[in-house]
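These notes are about the structure you will find just below.
Just so it is clear, the values below take in all heavy atoms, side chains as well, and ignore hydrogens, waters and symmetry mates.
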Amino acid sequence: MKRLVDILVAFLILALLWPLILLLAFLIRLESPGNPFFAQTRLGCGERPFTIWKLRTMRAGTPHRGSHEVGAESHTRLGALLRGTRLDELPQALNILAGQMSLVGPRPCLPSQDAVIAERRQNGVFAIRPGVTGLSQIRGIDMSRPADLAQCDREYMERQSLALDLRICFKTVAAVLAP
């Protein structure tokens, strides 16, 4: 059931919001040189690497590190807005359709985030698909706190259900819309 919901939501995002995605890509390109789409290797289910797609929010040439490791000066003006509204993540609908991600699950980490990987291995988190949003995001836990993150991701794994996914999605949207 989860996979069916993921496919339907991803299809709706792409079908309804492709004009917005293209407009944002155009605006990104106007503000900063380089590809408006950002591709980065992340670890997915079973620790398999995959390419995650996002709208670029940082200046071209910014090192590939976790967002908590990069200063605010690396973000473009539009990029800060896109991150705040999470519109930069719309292209991840392609990752959902490809079966690399789910709408809800643990956020995928970089292959270089050794502490996160070790904690997730210990907690069995790589057993499920990563998500665009998740329990740790609505609780404000990011990759700078690997043990807390992995424990929260483990809690999600143990409690996951369609009802929990819907609550996480609603809380994500509410957080984005809150001033």
Side-chain angles (χ1 to χ4, degrees), residues 1-22 24-25 37-55 57 66-68 82-111 113 116-143 145-178:
M1 183 69 166
K2 181 176 175 83
R3 181 73 183 131
L4 178 63
V5 171
D6 284 342
I7 290 170
L8 289 173
V9 170
F11 179 75
L12 284 172
I13 288 170
L14 292 173
L16 299 175
L17 298 179
W18 69 265
L20 175 62
I21 294 169
L22 291 179
L24 292 171
F37 294 94
F38 176 72
Q40 187 179 56
T41 300
R42 300 284 179 99
L43 294 182
C45 187
E47 292 187 56
R48 283 184 298 278
F50 72 97
T51 301
I52 195 171
W53 291 98
K54 298 177 97 176
L55 289 168
T57 61
S67 58
H68 66 279
L82 293 176
R83 275 186 178 268
T85 58
R86 298 188 72 163
L87 290 172
D88 63 317
E89 298 185 8
L90 288 174
Q92 289 173 40
L94 296 171
N95 294 111
I96 293 171
L97 288 176
Q100 300 159 327
M101 292 181 72
S102 183
L103 186 60
V104 179
R107 285 296 295 155
C109 63
L110 295 164
Q113 291 176 308
V116 173
I117 293 167
E119 291 289 341
R120 284 184 164 175
R121 278 182 188 147
Q122 185 176 339
N123 284 278
V125 175
F126 287 112
I128 62 172
R129 281 188 186 101
V132 176
T133 189
L135 188 59
S136 56
Q137 281 68 46
I138 64 169
R139 290 185 177 169
I141 303 170
D142 65 20
M143 306 249 178
R145 298 166 42 200
D148 294 338
L149 179 71
Q151 287 175 350
C152 188
D153 292 339
R154 174 74 182 193
E155 179 186 341
Y156 170 75
M157 284 177 46
E158 292 169 352
R159 294 180 44 212
Q160 74 178 307
S161 67
L162 187 56
L164 177 59
D165 284 3
L166 288 172
R167 280 196 303 273
I168 291 170
C169 288
F170 286 126
K171 287 185 178 187
T172 300
V173 170
V176 167
L177 296 177

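Among residues two or more places apart in sequence or in another chain, the side chain to side chain donor-acceptor pair (under 3.5 Å) test is passed with Arg121 by Glu47.
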Val125/Glu119 under side chain to side chain contact (heavy atoms under 4.5 Å, CB included): CA gap, chis, key distance, verdict | CA-CA 9 Å; Val125 175; Glu119 291 289 341; over 6 Å; no
Step by step, work out the side chain to side chain contact (heavy atoms under 4.5 Å, CB included) result for Arg129 and Arg3.
-> CA-CA 10 Å; Arg129 281 188 186 101; Arg3 181 73 183 131; 3.6 Å; yes
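A distance of 12.0 Å separates CG in Leu103 from CD1 in Ile7, rounded to the nearest 0.5 Å. One distance of note links CE of Met157 with CG of Leu135; it measures 12.5 Å at 0.5 Å rounding.
Ala127 approaches Cys45 most closely through the heavy-atom pair O-SG, 3.5 Å.
Judged by distance alone, the side chain of Arg83 and the main-chain N or O of Asp88 form no donor-acceptor pair under 3.5 Å.
The side-chain heavy atoms of Leu55 and Phe37, taken from C-beta on, include a pair separated by under 4.5 Å. Residues Ile13 and Ile96 fail the side-chain proximity criterion, which asks for heavy atoms closer than 4.5 Å. Side-chain contact between Val104 and Lys2 is present, with heavy atoms from C-beta onward closer than 4.5 Å. Side chains of Asp153 and Asn123 form no contact here, defined as non-hydrogen atoms less than 4.5 Å apart. Between Leu90 and Leu20, some side-chain heavy-atom pair lies under the 4.5 Å cut-off. Residues Leu43 and Arg48 are not in side-chain contact: their nearest non-hydrogen atoms beyond the backbone lie 4.5 Å or more apart.
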Taking only distance into account, with no hydrogens and no angle test, what donor-acceptor pairs under 3.5 Å do side-chain atoms of residues 167-175 form with protein atoms, sequence neighbours excluded?
{"from": "Thr172", "atom 1": "OG1", "to": "Thr133", "atom 2": "OG1", "distance (Å)": "2.8"}
{"from": "Thr172", "atom 1": "OG1", "to": "Ile168", "atom 2": "O", "distance (Å)": "2.8"}

